[in-house]
Amino acid sequence: MSYRVESLMSARLFVVPQYADKKVFFLSNSSGHLSLYAMKFGGSVPEPLLPPHIALQNPHLIGGLSFFVFSKLKKILVMIDKDGDENYQPMLISLDGGFPEPSFDNFFEKYRVHLGECDEDKGFVYFGAERRDIAMMETYRGDLKTGKLTKIAEYPFGLGVAAHSKDHNKLLLGTGYAVGDAVLYLWEKGKRKTLYGKLMEDRAEGENIPLNGLGSAVFSPSGKGAVVVSSVFEDTYSLGYLDLSKPGELERVQLKGVKHKGVGELVEAAHLGKDRYLLTFNIDGCSWVYEGVFNEKKRLMTLAHVLVGAKPLDGGMLERVHYDSKADSFTFSFSTATSPTQLYTVGGKKRNVVTRHTSEKILGIPDSLLSKGEDASFLSHDGLRTSARLYLPSKGLGFKGPRPVVYYIHGGPQGQERPDFAWFSMPLIQYLTLRGFAVFVPNVRGSTGYGLSYTKHVDRDWGGQDRLDHEHAMKHVLPKDKRLDVSRAAVVGRSYGGYMTLMQAGLHPDLWKASCDMFGPYDLLTFSERIPATWKPYYKIALGDPEKADERAFLVDRSPKTHLHNMSAPMLVIQGRNDPRVVAAESEDLVRELKSTGKDIELLIFEDEGHDVLKYENRVTCYNAITDFFAERLKP
């Protein structure tokens, strides 16, 4: 029996929920694209809150909150762009929904805006606003009650508001350069002082600054200190304490009550109120979330309750958790490799009251035919442990003999492929296994989830050692598995994964019978020119500066354009017209130039998408195009 991708997509998305006004507000693609909905606590028919022509963006791309509900003001602030162009604007609708109206007299019309910390009681919001004309990011506080905007700061690399005091007279501001190189400030009534790290402009030329990996930063119970996530004490990140009166002196916070085991990272810390905190871990790609109690005097965090990670909420990935102090409950979205997103609320004094609000399921495909995947981690060419998973077709599908391989490369490059049914990757992986392919999904060096040192491998080495990890897997790891036929292999990737797909096709053409690039940079020089102005300072540090002769030569060498004359297998290129990250011209240049040399290459452009494929009809077209393209060449 053959299965359709529409069956996998029959399960609607339910993500980034917030509990307010006795309802759960969330994003869903019930109408064929992402929009904002509400339902009664415990579940009900979702109520649309936005007009049907408005499509919202993937929350993973938005760089902040997608929306926030201010129930006292009876307003919702929603971040809206135009078909994936990522020029987000803060728009207001009523609590019952309606047509969005610009907030703050449309002040941000010429900015790309990101919604940060929100204070429902006071009606305060914090924005990061990217200029579109120059490389400058501005930080604002907005008062929704009065419509007043206050400019907090501006800086080429941005100064995000990590936390605010109860009276908003103190803010913790953070900025960063390359991954792991960050600075934390205290802002107090308009004055700033550095708490940890060193500003770029204060560094001597060539000065080596130790990486600190600063991430989350929140105020301590007394308000006299900050609890921060950093890599100072552990490469996989841990908690630290900063006395606000003693800048530069980070103290270790001991952690008690950890229940999880495995390889991973501390991802985030959030302040729930008084001495209570929320800690999120990524362990072997799966989410673990704890509620903890912090003893400020002893510098001790005791993890009191596991909210996510233990059964039945195990083996999957969280899509935001929202804490409501009045209800004293946590609402979140959760999915696994084989089960779609569901909305849950956890409450009760012992955190043992679990309410499931949704019952999404995949139609017409038995669970037994879906692939949970298996660990396929390996030692790479230089002995570095590389995490990976292998998804094989279910035996119940009846395929005989070794399976052709689809080699799936995640984006980022500082990203990670996780057991997450919410977005693009997992439905494609499952559909490929249903069609008879084995899908190999590595998290090679440069990925997040395995410590700062592992992530840093890719800085200024795009297409270098990480490319060799992929080559090693194809030549020396996968051939040992008799269930696989690596002589029939295709490579596919999105964003940086698309770039790596192009590099594989150009530098290792003998490994592949087909390839699919989804919005990957083709020429690193034109890519560097075409990205938004506010992104250029980061890429000059993390990738290379095209204005310096030696670095320009490096960018030429690491550009797929330099090597794709070697390509020997057919290639499918997929692109969103409105993509601001890897603009459509990159893919159009690629296809035009290779076609002119007689290469077998096809282009599929979605006119109403950006750096993703989100709309239902487009996703059906995209999944079928990729799978059919590989099936024709690999004959599963």
Side-chain angles (χ1 to χ4, degrees), residues 13 15-18 20-21 23-38 46-120 122-132 137-152 160-161 320 322 532 534 578 580 608-612 614-615:
L13 285 174
V15 293
V16 293
Q18 179 185 348
D21 197 40
K23 294 181 179 180
V24 180
F25 297 79
F26 55 91
L27 298 191
S28 178
N29 62 352
S30 297
S31 63
H33 58 252
L34 282 178
S35 191
L36 182 62
Y37 294 84
E47 307 166 22
L49 301 177
L50 288 172
H53 68 282
I54 293 177
L56 300 182
Q57 179 59 280
N58 181 338
H60 287 269
L61 295 179
I62 203 167
L65 298 175
S66 299
F67 69 93
F68 195 85
V69 179
F70 293 86
S71 54
K72 287 185 177 180
L73 298 176
K74 299 192 179 300
K75 294 179 180 179
I76 305 174
L77 191 64
V78 191
M79 306 305 293
I80 299 177
D81 72 344
K82 177 64 176 175
D83 287 330
D85 68 2
E86 300 193 43
N87 290 323
Y88 308 111
Q89 294 294 295
M91 310 291 282
L92 286 168
I93 60 173
S94 76
L95 201 59
D96 296 324
F99 282 82
E101 297 290 341
S103 61
F104 301 102
D105 293 325
N106 211 19
F107 174 86
F108 294 110
E109 182 181 11
K110 296 184 179 180
Y111 290 81
R112 175 182 292 108
V113 187
H114 309 278
L115 177 61
E117 290 292 303
C118 298
D119 184 334
E120 182 182 357
K122 286 189 165 55
F124 284 179
V125 296
Y126 289 92
F127 296 112
E130 298 182 45
R131 294 273 297 268
R132 295 194 214 171
M137 300 190 193
E138 301 171 3
T139 306
Y140 290 88
R141 177 168 61 211
D143 185 339
L144 287 173
K145 293 179 180 177
T146 65
K148 180 183 177 182
L149 278 173
T150 302
K151 189 174 183 179
I152 301 296
V161 177
R320 185 190 175 190
H322 172 257
T534 46
N578 302 319
D608 55 353
E609 299 281 5
H611 199 65
D612 202 346
L614 287 170
K615 297 178 174 67

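Only a predicted model underlies this, so the values are computations on that prediction, with no experimental measurement involved. This chain uses plain numbering: 1 for the first residue, then up along the sequence.
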For residues 74-82, tabulate all N or O donor-acceptor pairs below 3.5 Å that involve a side-chain atom, not counting sequence neighbours.
| unit_1 | atom_1 | unit_2 | atom_2 | d |
| --- | --- | --- | --- | --- |
| D81 | OD2 | G84 | N | 3.4 |
| D81 | OD2 | D85 | N | 3.4 |
| D81 | OD2 | E86 | N | 3.0 |

Side-chain donor/acceptor of D143 to backbone N/O of K145, under 3.5 Å: yes
Approximate separation, where rounding is to 0.5 Å, of L13 CG and N29 CG: 4.0 Å
Close aromatic pair by centroid cut-off 6.0 Å: F104 and Y140: no
Run F68 and V125 through side chain to side chain contact (heavy atoms under 4.5 Å, CB included) and show every step you take. CA-CA 9 Å; F68 195 85; V125 296; over 6 Å; no
Could you tell me whether the side chain of P59 reaches within less than 4.5 Å of the side chain of R320, counting heavy atoms only? no
Give, for atom NE2 of H114 and atom CZ of F108, the distance between the pair rounded to the nearest 0.5 Å. 11.5 Å
When you compare the side chain of F25 with that of L95, does any pair of heavy atoms fall below 4.5 Å? yes
Ion pair check, E120 and K72, cut-off under 4.0 Å: no
D612 and L614: which non-hydrogen atoms are nearest, and at how many Å? OD2-CD2, 3.5 Å
Quick one: CZ on F127 to SG on C118, what's the gap to the nearest 0.5 Å? 7.5 Å
Considering non-hydrogen atoms only, spot the tightest contact between D83 and K615 and give its length. OD1-NZ, 3.2 Å
Spacing of OG belonging to S66 relative to CD belonging to Q18, to within rounding of 0.5 Å: 11.0 Å
Here the gap from T139 atom OG1 to I152 atom CD1, rounded to the nearest 0.5 Å, amounts to 7.5 Å
Taking the six-membered ring for Trp and the full ring for Phe, Tyr or His, determine whether the centres of F124 and Y126 are under 6.0 Å apart. no
Determine the minimum heavy-atom distance between L27 and Q57, stating which atoms define it. CD1-O, 4.3 Å
Can you find a heavy atom in the side chain of M91 that is under 4.5 Å from one in the side chain of S103? no
Please find the pair of heavy atoms, one from T150 and one from K148, that lie closest to each other, and give the distance. OG1-CE, 3.8 Å
Could you tell me if the side chain of L115 sits less than 4.5 Å from the side chain of V113, heavy atoms only? no
State, yes or no, whether a side-chain contact exists between P51 and P100 at a heavy-atom distance under 4.5 Å. yes
Gap separating the CZ atom of F67 from the CD1 atom of I62, nearest 0.5 angstrom: 10.5 Å
Do R132 and N87 have side-chain heavy atoms sitting under 4.5 Å apart? yes
For A38 and K23 the tightest heavy-atom approach is CB-CD, 4.3 Å
Quick check: closest heavy atoms across A55 and H33, and the distance to 0.1 Å? CA-CD2, 3.6 Å
Using the ring of each side chain (for Trp, its six-membered ring), is Y37 parallel, tilted or perpendicular to F26, with breaks at 30° and 60°? parallel
With a 4.5 Å limit on heavy-atom distance, are the side chains of E47 and D96 in contact? no
Decide yes or no for E130 and Y111: does some side-chain heavy atom of the first lie under 4.5 Å from some side-chain heavy atom of the second? no
